[in-house]
Amino acid sequence: MDYVQRARELKEETVAHRRWFHTNAEVGLETPKAVAYLMERLAAYGLSPERCGHGVTAQLGRGGRTLLLRADMDALPMGEESGEPFACPTGTAAHTCGHDFHAAMLLTAAKMLKENESGLAGTVRFMFQPAEETFEGARDMIGHGILEGVDAALAYHVSPGKMPVGLFMYNSGGVMMSSVDGFRITIGGKGAHGAYPHSSIDPINIGVHIYLALEALIAREADPSKNCVLTIGNFSAGSAANIIPDTAVLQGTIRTNDAACRELLVRRMKEAAVKTAELYGGTARIDMLSEVPPLVCDRELTDKIVGYMQAIPGLTPCPGISASASEDFSAIAERVPSTFIYLSAGYDDERGEAPAHNPKVRFNEDVCAIGPACLAHCATEWLNTFS
């Protein structure tokens, strides 16, 4: 089958899928509307979809080696200001990372591969995953057996910005994306009237000093030759201007592309929080919210997939990409040879100015004729190497 031509013929169908997911954006592990839509569409394409943990899976082919094709499908808990007529109307969820494209493209790839099932030299398994943004979905589906019998895995991620459609970005064997260790520090103090601070143990004051101590970890303890980022994105305490509260909470993330730096920074974050709180008479409890390793692509598999993609007209390779953002596809890559590739979905004009995770971000739907072709073509070619 000519997957490139077929994907072009199915572009409007893929766009329709994308817009449905976009309008019906859901966050976290529970995505009931997306699950129902996937089950219905996959069945209509002749597959037998099943639940796998909180996600959806299906399989086709003729035995032999098994390649996993993965797409995440969750949105972010935010409003949307894209101006698109199909924007999510809730104001509490928005597909500002492009996962709507991933699910739509994999749906169309599943349709094409089913049409060519007799020509496959092995098995393709589809993984529609929730909760990538909360780093829960991959482990949830792994725990329910999604990787049993899988020999390799492939995933794509669309990328907005000021760039033309047709670029694909990859990393052959290096760290493609950083680890992420999310944490919550709950500071215990002693509340008091704002007029009598001496009778309190002020958790806000403790939190400020913890924040500064954590900043110093990057400035003075992290290896400057490595990619190390520590961010506090939430600092909450109190409910009134004249009351010193009992507790304060800091939440943040540590990201790095180096295992030794990761171990050091996570350990020292905990030590700095506890010791600083004790210094000022309070307490600090640390809860780890996510523990995701760096995403390392398998060199041999990546080189093969890149070779297959270079045979697709209109695509331009961009090697050596590494990002400080994180991806829970790394939990899959830890277990089976895997590769993760970015597909450009940007614009050369003002529509490309907003980045991912921004309420104004816009994605170019021309990628809907590219992503499904890449998924189906690469799966077929990889399986053929073992025939």
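For this chain, numbers begin at 1 and follow the sequence in order. These numbers come from a predicted model, not from an experiment.
For the atom pair CZ of Arg8 and CD1 of Ile370, the computed distance is 8.5 Å after rounding to the nearest 0.5 Å. In this structure, the separation between CG on Leu295 and CG on Asn257 is 12.0 Å, given to the nearest 0.5 Å. Here Leu147 contributes atom CG and Ile142 contributes atom CD1; the two are 5.0 Å apart, rounded to the nearest 0.5 Å. A distance of 9.0 Å separates CZ of Arg19 from SG of Cys368, quoted to the nearest 0.5 Å. Interatomic distance, CG of Asp348 versus CE of Met163, reported as 10.0 Å (0.5 Å rounding).
Side chain to side chain, Ser324 and Asn227 fail the donor-acceptor criterion of an N or O pair below 3.5 Å. Checked by atom type, the side-chain pair Ser225/Asp223 shows a donor-acceptor distance below 3.5 Å. Neither side chain, Arg125 nor Thr66, offers a donor N or O lying under 3.5 Å from an acceptor on the other.
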Contacts table for residues 305-318: side-chain donor-acceptor under 3.5 angstrom, sequence neighbours left out:
none

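Both tests hold for Arg41 against Tyr45: distance to the six-membered ring centre under 6.0 Å, angle to the ring axis within 45°.
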> Yes or no on side-chain hydrogen bond (donor to acceptor under 3.5 Å, both in side chains) for Asn171 and Ser322, after CA distance, side-chain angles and deciding distance?
Replying inline: CA-CA 7 Å; Asn171 190 311; Ser322 183; 4.8 Å; no
> Taking it one step at a time, do Tyr211 and Phe235 satisfy ring pair (Phe, Tyr, Trp, His ring centres under 6.0 Å)?
Replying inline: CA-CA 9 Å; Tyr211 179 91; Phe235 190 161; 7.4 Å; no
> Could you go step by step and tell me if Asp328 and Arg139 meet the salt bridge (charged side-chain N to carboxylate O under 4.0 Å, His left out) rule?
Replying inline: CA-CA 8 Å; Asp328 79 347; Arg139 293 192 185 279; over 6 Å; no
> Are Lys33 and Glu26 close enough, and set up right, to give a salt bridge (charged side-chain N to carboxylate O under 4.0 Å, His left out), and what steps lead you there?
Replying inline: CA-CA 8 Å; Lys33 290 187 289 186; Glu26 298 169 293; 5.1 Å; no
> Going through the checks in order, is the side-chain contact (heavy atoms from CB on, under 4.5 Å) test met by Tyr156 and Leu69?
Replying inline: CA-CA 9 Å; Tyr156 288 94; Leu69 299 180; over 6 Å; no
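Note on ring orientation: taking the six-membered ring where Trp is involved, the planes of Trp382 and Phe386 are perpendicular (angle over 60°, cut-offs 30° and 60°). Taking the six-membered ring where tryptophan is involved, the planes of Trp20 and Tyr37 are essentially parallel, since the angle between them stays under 30° and well short of 60°.
Counting heavy atoms from C-beta outward, Ile244 and Pro197 have side chains that approach closer than 4.5 Å. Residues Val229 and Ser178 form no side-chain contact, since every pair of their non-hydrogen atoms from C-beta on lies 4.5 Å or further apart.
Between His102 and the options His157, His22, His95, a ring pair (Phe, Tyr, Trp, His ring centres under 6.0 Å) holds for only His157. For the pairing with Gln129, the side-chain hydrogen bond (donor to acceptor under 3.5 Å, both in side chains) check across His54, Arg70, His99 returns one residue only, Arg70.
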